[in-house]
Structures are given as structure tokens and as C-alpha cells.
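Counting starts at 1 for both ligands and their atoms, following the listed order. Keep in mind the model is a prediction, meaning the values are calculated, not measured.
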Amino acid sequence: MKARKGLTVLLTALFLLFIGIGLYGCAQKPSPSKPAKKTTPKVAVPAAPSTATAPVPKAAKKAGSKNLEAAAMKIINAQGCLGCHIINGKGGSIGPNLSKEGIKGHSIHWLEVQINTPKVHYPNTIMPNHNLNQAQLKTVAEYLESLK
Ligand code: HEC
């Protein structure tokens with residue numbers, strides 16, 4: 001009987017000790033988290049510009065090729081190239097199909113010469129000379145070179 005009483009006293013003492021430790025732990029916890037809070041606000045700032053700049057070149061590239069196509073097709077339509085050439089599925093077949101002109105490996109310069117003075121490359125050609133200015137030549141030549 002005596003040993004049992006001693007055991008209950010011991011267990012009660014341990015129980016109280018655990019409660020004491022638990023309460024002490026609860027009381028201690030909030031204080032270490034206070035100084036940690038002060039360092040947080042700076043982190044989020046530099047992330048924003050890096051994610052914002054990433055999509056821009058892609059979008060600009062897409063818009064650029066669309067603009068090139070629109071500008072080139074305006075000139076091509078006005079010059080009547082489609083009377084003899086198929087470009088993007090439309091046009092005549094007197095001249096070669098230019099829908100994949102880019103895979104032939106001609107330089108931009110070669111294409112510019114071809115457009116204004118085709119007899120330099122094909123002395124007996126029926127393709128007429130055109131009279132595009134340098135900016136128009138560049139636009140059409142770059143567009144044809146991009147067709148692959
Ligand atoms: C009267 C018809 C005709 C017109 C109009 C014409 N072409 Fe041509 N083009 C030809 C023919 C035919 C050839 C093939 C060369 C040859 O053997 O005579 C050719 C060749 C070309 C080539 C070279 C293809 C290659 O890789 O060998 C390009 C590029 C070209 N034309 C672009 C144009 C552009 C751009 C226009 C409008 C500014 C145009 N052509 C207007 C008839 C024409």
C-alpha cells in the first residue's frame with residue numbers, strides 16, 4: 001500500500017511538472033517570433049520586374065512578324081506580285097510559288113536585287129523590274145526570307 005501511494009505521488013508530481021513545462025513553453029513561444037517579423041517586407045519587391053519583362057520579348061516578336069507580314073503583303077498586293085506568284089496559297093502560277101521562299105537560302109540582298117532587277121539573276125525572265133524604295137525592298141525581302 002505504501003509503495004502505491006508513493007507511486008501516485010510521483011505520477012502526480014510528474015503530471016504537474018509536464019503541465020508546468022507546457023505552460024512555460026506556451027508563455028515562451030510568442031516572444032521569439034516577434035523579432036523575426038521585422039525582416040520580411042523587403043523580399044517581394046525585386047520579383048515583380050523579372051516576371052514582367054519575361055513575356056514582353058515574346059509578345060513583341062509575335063507582333064513584329066505579324067507587322068512584317070501585313071506591311072509586306074500591302075506592298076506585294078500593290079505591286080501585283082500575286083499575278084504571277086503564289087504566296088500563302090493565293091496567286092498565279094506564271095512564276096514560282098514563293099510560299100516557302102525562305103528555305104531556298106537566298107540572302108536578303110539577293111531577294112532585293114531579284115525584286116527590282118530580276119534580269120540580274122534570270123536574264124530571260126518575264127518578271128518585270130519593280131521600283132521599290134530601299135525600305136520597301138527590305139520589308140518584302142525579309143518577309144519572303146521568313147517564309148519557311
Ligand atoms: C509577270 C510575272 C511576274 C511578276 C509580276 C513578278 N514575278 Fe517574280 N518571278 C517571275 C518568274 C517567271 C520568276 C522565275 C525566274 C525565271 O526563271 O524567269 C520569278 C522569280 C521570282 C523570285 C525568285 C524565286 C527564286 O527563288 O528563284 C522572287 C523572290 C520573286 N520572283 C519575287 C517577286 C516579287 C516580290 C514580285 C512583286 C514585287 C514579283 N516577283 C513579281 C514572274 C513574276
Side-chain angles (χ1 to χ4, degrees), residues 7 10-148:
L7 199 72
L10 195 77
L11 285 173
T12 317
L14 275 172
F15 182 69
L16 287 172
L17 193 75
F18 279 125
I19 288 176
I21 289 170
L23 284 174
Y24 180 74
C26 283
Q28 286 293 95
K29 262 182 190 170
S31 59
S33 68
K34 265 186 188 173
K37 270 189 180 175
K38 278 191 178 175
T39 54
T40 44
K42 273 189 181 177
V43 181
V45 180
S50 71
T51 49
T53 48
V56 171
K58 266 191 186 171
K61 232 184 175 181
K62 256 196 174 174
S65 68
K66 274 270 173 251
N67 289 343
L68 177 65
E69 176 172 18
M73 284 314 294
K74 215 173 170 180
I75 299 163
I76 286 166
N77 284 323
Q79 295 292 320
C81 312
L82 299 183
C84 295
H85 294 288
I86 294 171
I87 299 176
N88 282 332
K90 264 198 287 180
S93 44
I94 295 166
N97 188 330
L98 300 179
S99 298
K100 294 232 188 289
E101 184 64 14
I103 63 174
K104 292 186 183 169
H106 297 308
S107 67
I108 302 291
H109 175 73
W110 190 98
L111 291 165
E112 289 176 355
V113 169
Q114 175 66 28
I115 293 163
N116 268 7
T117 53
K119 284 184 180 63
V120 170
H121 299 145
Y122 303 101
N124 303 316
T125 190
I126 58 159
M127 177 166 161
N129 284 356
H130 292 84
N131 203 10
L132 304 195
N133 66 36
Q134 193 51 48
Q136 292 171 317
L137 280 178
K138 187 168 182 272
T139 300
V140 176
E142 279 182 358
Y143 174 59
L144 292 177
E145 203 280 328
S146 78
L147 297 176
K148 287 173 187 176

*Asks:* For Gly80, take its heavy atoms, then give the atoms of ligand 1 lying under 4.0 Å from any of them.
*Replies:*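 So the answer, numbered in order with elements, is 5 (C).
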
*Asks:* Heavy-atom contacts with Lys104 under 4.0 Å: which atoms of ligand 1 show up? List them by number with element.
*Replies:*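 In order of numbering, the contacting atoms are 25 (C), 26 (O).
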
*Asks:* Would you say Lys119 has more than 12 foreign heavy atoms packed within less than 6.0 Å of its NZ?
*Replies:*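 Atom NZ in Lys119 is packed in, count exceeds 12.
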
*Asks:* Just let me know how Leu98 lines up against ligand 1, side chain, backbone, both or neither, with a heavy-atom cut-off below 4.0 Å.
*Replies:*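 Within the 4.0 Å criterion, Leu98 contacts ligand 1 through side-chain atoms alone.
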
*Asks:* Which value, rounded to the nearest 0.5 Å, describes the distance between Met127 atom CE and Thr117 atom OG1?
*Replies:*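 Output value for this atom pair is 9.0 Å.
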
*Asks:* Going by distance only, is there an N or O of His130 that falls short of 3.5 Å from an N or O of ligand 1?
*Replies:*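 No; every N/O pair is 3.5 Å or more apart.
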
*Asks:* Could you grab the distance from atom SG of Cys81 to atom CG of Leu98, nearest 0.5 Å is fine?
*Replies:*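 So the gap between those two atoms works out to 8.0 Å.
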
*Asks:* Do Glu101 and Leu111 have side-chain heavy atoms sitting under 4.5 Å apart?
*Replies:*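 Of all side-chain heavy-atom pairs linking Leu111 with Glu101, at least one is under 4.5 Å.
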
*Asks:* Under 4.5 Å between any side-chain heavy atoms of His106 and Leu144, yes or no?
*Replies:*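 Counting from C-beta outward, His106 and Leu144 never come under 4.5 Å.
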
*Asks:* Among residues two or more places apart or on two chains, list those pairs meeting ring pair (Phe, Tyr, Trp, His ring centres under 6.0 Å) that have a residue in residues 119-148.
*Replies:*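 Listed by first then second residue: Trp110-His121.
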
*Asks:* Check this for me - ligand 1, Thr125, N or O atoms closer than 3.5 angstrom, yes or no?
*Replies:*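 There is such a contact, yes.
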
*Asks:* Just by distance, do the side chain of Gln136 and the backbone of Asn133 share a donor-acceptor pair under 3.5 Å?
*Replies:*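 Yes; judged by distance alone, with no hydrogens or angles, the pair exists.
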
*Asks:* Nearest heavy atom to atom 4 (C) of ligand 1 wins, so pick from Cys84, Ala72, Gly102, Pro118.
*Replies:*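 Ranked by closest heavy atom to atom 4 (C) of ligand 1, first place is Cys84.
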
*Asks:* Enumerate the atoms of ligand 1 whose separation from the nearest heavy atom of Gly95 is less than 4.0 angstrom.
*Replies:*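 With Gly95 as reference, the close atoms of ligand 1 come out as 10 (C), 11 (C), 12 (C).
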
*Asks:* Is the contact between Ile115 and ligand 1 made by the side chain, the backbone, both, or neither, using heavy atoms and a 4.0 Å cut-off?
*Replies:*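 The side chain, only.
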
*Asks:* Does Gly83 come within less than 4.0 angstrom of ligand 1, counting non-hydrogen atoms of the residue?
*Replies:*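 Outside the 4.0 Å threshold, so no.
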
*Asks:* To which of Met127, His106, Glu112 does the heavy atom nearest atom 42 (C) of ligand 1 belong?
*Replies:*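 Result: the heavy atom closest to atom 42 (C) of ligand 1 is in Met127.
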
*Asks:* So do the side chains of Ile87 and Leu82 get within less than 4.5 Å of each other, counting heavy atoms only?
*Replies:*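 Yes, side chains in contact.
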
*Asks:* Can you name the residues that form a side-chain contact (heavy atoms from CB on, under 4.5 Å) with Pro96, not counting sequence neighbours?
*Replies:*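 Partners of Pro96 by the side-chain contact (heavy atoms from CB on, under 4.5 Å) criterion, ordered by chain and then number, come out as His85, Lys104.
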
*Asks:* Distance to 0.1 Å, residue and atom name: give those for the protein heavy atom nearest to atom 20 (C) of ligand 1.
*Replies:*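 The closest one turns out to be Gln114 NE2, 3.3 Å.
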
*Asks:* In terms of residue, atom name and distance, what is the protein heavy atom nearest to atom 26 (O) of ligand 1?
*Replies:*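 Result: Glu101 OE2, 2.5 Å.
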
*Asks:* Looking only at heavy atoms, what is the nearest atom pair of Leu147 and Ser99, with distance?
*Replies:*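 Here Leu147 and Ser99 meet closest at CB-O, 3.4 Å.
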
*Asks:* Count the heavy atoms belonging to other residues, nucleotides or ligands that lie under 6.0 Å from CG of Asn131, then report whether that count exceeds 12.
*Replies:*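 At most 12 heavy atoms, drawn from other residues, nucleotides or ligands, come within 6.0 Å of this atom.
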
*Asks:* Kindly confirm whether atom 8 (Fe) of ligand 1 is within less than 2.8 Å of some N/O/S atom in His85?
*Replies:*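 So His85 does bind atom 8 (Fe) of ligand 1 by this criterion.
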
*Asks:* Near Pro128, which atoms of ligand 1 are under 4.0 Å from a heavy atom of that residue?
*Replies:*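 Checking each atom against Pro128, I get 1 (C), 3 (C), 4 (C), 5 (C).
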
*Asks:* In the protein, what heavy atom is nearest to atom 14 (C) of ligand 1, and what distance, to one decimal place, separates them?
*Replies:*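 Minimum-distance protein heavy atom for atom 14 (C) of ligand 1 reads Pro96 CD, 3.4 Å.
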
*Asks:* For atom 37 (C) of ligand 1, what's the nearest protein heavy-atom neighbour? Residue, atom name and distance, please.
*Replies:*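 Looking at atom 37 (C) of ligand 1, the protein heavy atom closest to it is Cys81 SG, 1.8 Å.
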
*Asks:* Starting from atom 27 (O) of ligand 1, what is the nearest protein heavy atom, named by residue and atom, and what distance separates them?
*Replies:*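 Heavy-atom neighbour on the protein nearest atom 27 (O) of ligand 1: Tyr122 OH, 2.4 Å.
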
*Asks:* Using non-hydrogen atoms of the residue, decide whether Leu111 is closer than 4.0 angstrom to ligand 1.
*Replies:*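 Right, Leu111 reaches ligand 1.
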
